[in-house]
Amino acid sequence: MCGIVGILGTEPVAGRLVEALKRLEYRGYDSAGVATVENGSLDRRRAEGKLHNLEERLASEPLTGRLGIGHTRWATHGAPTETNAHPHMTDRVSVVHNGIIENFKELRAELLAQGVTLSTDTDTELIVHLVTRELEQGHDPAVAVQHTLRRLEGAFAVAFIFRNYDDLMIAAREGSPLAIGFGDGEMYLGSDAIALAPFTDTICYLEDGDWAVLTRNGLAIRDRNGQPVERPVQKSVASALLVDKGNHRHFMAKEIHEQPEVVAHTLANYIDFAESRVLLPDMPIDLASVDRISISACGTAYYAGLVAKYWFERLARVPVEIDVASEFRYREIPLQPGSLALFISQSGETADTLAAMRYCQSQDQRIASIVNVRESSIARESDAVLPTLAGPEIGVASTKAFTCQLAVLACLAVAMARARGKIDGQKEAELVSALTEVPRHMSAILRDEAIYDSLSHTLSKAKDVLYLGRGINYPVALEGALKLKEISYIHAEGYAAGELKHGPIALIDETVPVVVVAPQDEMFEKVVSNVQEVAARGGQVVFISDGSQSAAGCDVMTAIQLPQTHPFTTPLIYALPMQLIAYHTAVFMGTDVDQPRNLAKSVTVE
Ligand code: M6R
């Protein structure tokens with residue numbers, strides 16, 4: 001899940017490579033580098049850490065080549081050091097690489113046995129030596145790359161430049177995305193269209209097994225069998241504007257605050273407000289005939305799916321099988337041909353989700369996906385795509401993408417319930433009206449963050465924090481715990497409140513804050529009983545409810561009062577305090593909120 005870019009330019013390219021890398025930083029940010037060819041010679045600059053370190057290096061030691069490649073890294077093999085940073089190179093070739101070479105050990109042993117000196121711990125360095133060996137045998141660059149690609153196992157995207165070739169770049173894709181851009185006498189490549197948006201909106205995507213030879217005048221693509229192929233050239237809708245933080249200190253804060261708007265925008269795509277009904281875009285899937293759904297996703301997107309399980313089962317009376325994609329893909333689940341398989345992903349590139357989807361394709365499932373990046377692999381390979389209109393999400397911790405996923409899933413559940421005759425028009429109007437109120441309630445919550453700020457002082461001292469919820473808000477508790485651990489590094493766990501007495505209650509003492517998601521729905525009284533069990537053992541309760549503090553029936557450390565909402569939409573509403581608690585705690589603790597350690601926005605490796 002690194003980001004790669006390449007430019008065959010008419011002017012020096014280093015500055016533009018860095019500009020494109022900034023747009024790919026969501027894919028990885030532990031080191032970065034660029035390499036160029038100038039007067040036939042290869043040269044590179046690399047730096048550990050964030051991109052500004054690379055910018056500083058380039059300012060003091062500029063590169064002026066008009067052909068170059070760049071990389072921003074999320075380490076897989078080898079620590080995030082400058083030595084391990086890309087581009088890797090020999091005196092003949094330089095490469096940037098995203099993905100994992102699975103036969104790394106065999107190739108490494110083979111090269112070492114041949115006397116090759118390896119200077120890094122990376123799998124990427126092996127690629128550069130394999131190509132070099134081919135070049136030394138007299139092959140031209142295209143043949144050298146083709147021979148090398150045949151030796152590589154795994155999912156990857158690569159781009160090469162060569163000594164003595166001022167007008168040549170070769171790229172290949174096997175499992176990791178790669179877009180090629182067409183300019184005026186220039187050519188570009190990047191891990192996605194967003195990286196290329198400042199330069200061109202005319203792009204094509206390589207397909208798995210493709211490798212491409214780029215010159216300033218054009219492009220020749222071959223498939224894995226070496227046959228020339230054409231890939232459709234399309235207009236990208238990716239925005240050329242570099243997304244900024246607006247008036248916010250972090251992207252995460254901006255994205256939290258965008259939720260009333262983007263959730264409203266997303267709902268408007270699926271709701272006919274005049275008729276108070278859900279109106280899905282044309283789908284090649286007959287919702288009335290769906291009698292079983294399997295859902296697969298990762299992280300926050302998985303929690304959105306877990307909420308949807310409650311909606312689909314209760315409203316549409318359809319049984320739902322759900323699992324994290326990294327398990328789903330290997331479970332060899334027996335699936336009835338023709339059933340609906342649903343995949344949820346902000347990026348649309350998550351490797352495990354994509355693999356789970358391909359398993360379902362092989363089992364003759366009808367594939368629907370909920371994605372935020374419309375040009376992503378998951379979107380492109382689905383039978384039906386239900387987009388979230390969240391806009392680019394830059395903060396690594398997912399916020400607005402989650403609530404937009406919930407908005408789409410809620411609409412899909414209502415549409416399916418109606419199609420299956422499980423709800424009537426009146427019930428549908430009631431649910432649509434509840435959804436319509438969500439943006440307003442979100443705005444109300446975001447108007448005053450003082451309580452989250454003061455709570456952050458207490459939470460920052462905690463070693464462990466528990467999150468409890470029941471029913472449809474159990475996944476919201478899981479999401480709250482994930483948010484806190486991702487960006488504050490405090491250990492946090494979410495539990496179904498009813499499970500408390502089956503183990504987790506042993507953890508509770510006066511040092512453990514317990515965040516309770518407690519809307520006044522049918523589970524409220526049961527949740528309140530669980531709160532009292534916590535309070536009786538000295539636990540520090542953070543009670544989040546549309547009921548008053550006294551409804552908790554015991555002393556609580558902090559009560560956060562939310563607007564009264566329809567039980568159907570509570571997951572969308574209660575997600576916001578989960579995000580705000582995590583955000584303010586992380587800010588108080590001074591962590592890197594938008595780019596927390598060890599994480600990447602888009603997990604394109606297994
Ligand atoms: O792009 P995806 O939605 O497929 O990503 C899935 C997870 O990697 C993602 O939700 C992750 O858990 C986030 N960091 C959560 O904040």
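Order of listing sets the numbers, starting from 1, for every ligand and every atom in it.
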Closest heavy-atom approach to atom 5 (O) of ligand 1 among T350, L354, I487 is made by T350
Is it the case that atom CZ in R231 sees more than 12 heavy atoms from other parts of the structure closer than 6.0 Å?
yes
Determine, using heavy atoms of K483 and all atoms of ligand 1, whether some pair is separated by less than 4.0 Å.
yes
For S347, atoms of ligand 1 separated by under 4.0 Å from a heavy atom:
1 (O), 2 (P), 4 (O)
T353 to ligand 1: N or O pair under 3.5 Å?
no
Angle between ring planes, Y359 versus F328, binned at 30° and 60°: parallel, tilted or perpendicular?
perpendicular
Interfacing atoms of ligand 1 (cut-off 4.0 Å, heavy-atom, V396):
13 (C), 14 (N), 16 (O)
Between T72 and K22, is there a side-chain donor-acceptor contact under 3.5 Å, judged purely by atom types and distance?
no
To which protein heavy atom is atom 7 (C) of ligand 1 closest, and what is the distance rounded to 0.1 Å?
C298 O, 3.6 Å
Testing R331, K309, R329 one by one against D323 for a salt bridge (Lys or Arg N to Asp or Glu O under 4.0 Å), which residue passes?
R331
Parallel, tilted or perpendicular: which fits the ring planes of H250 and Y583, with parallel below 30° and perpendicular above 60°?
perpendicular
Kindly assign one of parallel, tilted or perpendicular to the pair Y452 and H584, based on the angle between their ring planes and the thresholds 30° and 60°.
parallel
Considering the heavy atoms of A301, write down every atom of ligand 1 situated less than 4.0 Å from one of them.
3 (O), 10 (O)
Taken to the nearest 0.5 Å, the spacing of H97 NE2 from I69 CD1 works out to 12.5 Å
So if I count the atoms of ligand 1 from 1 in the order they appear, which ones are less than 4.0 Å from some heavy atom of A397?
16 (O)
Can you tell me which portion of E486 lies within the under-4.0 Å heavy-atom range of ligand 1? Options are side chain, backbone, both, or neither.
side chain
Atoms of ligand 1 close to T300 [distance to a heavy atom under 4.0 angstrom, numbered from 1]:
10 (O), 12 (O), 15 (C), 16 (O)
Any luck finding a side-chain donor-acceptor pair between T399 and Q259 under 3.5 Å?
no
List the closest protein heavy-atom neighbour of atom 8 (O) of ligand 1: residue, atom name, distance to the nearest 0.1 Å.
V603 CG2, 4.0 Å
Show which atoms of ligand 1 fall inside a sub-4.0 Å distance from at least one heavy-atom site of Q346.
1 (O), 2 (P), 3 (O), 4 (O)
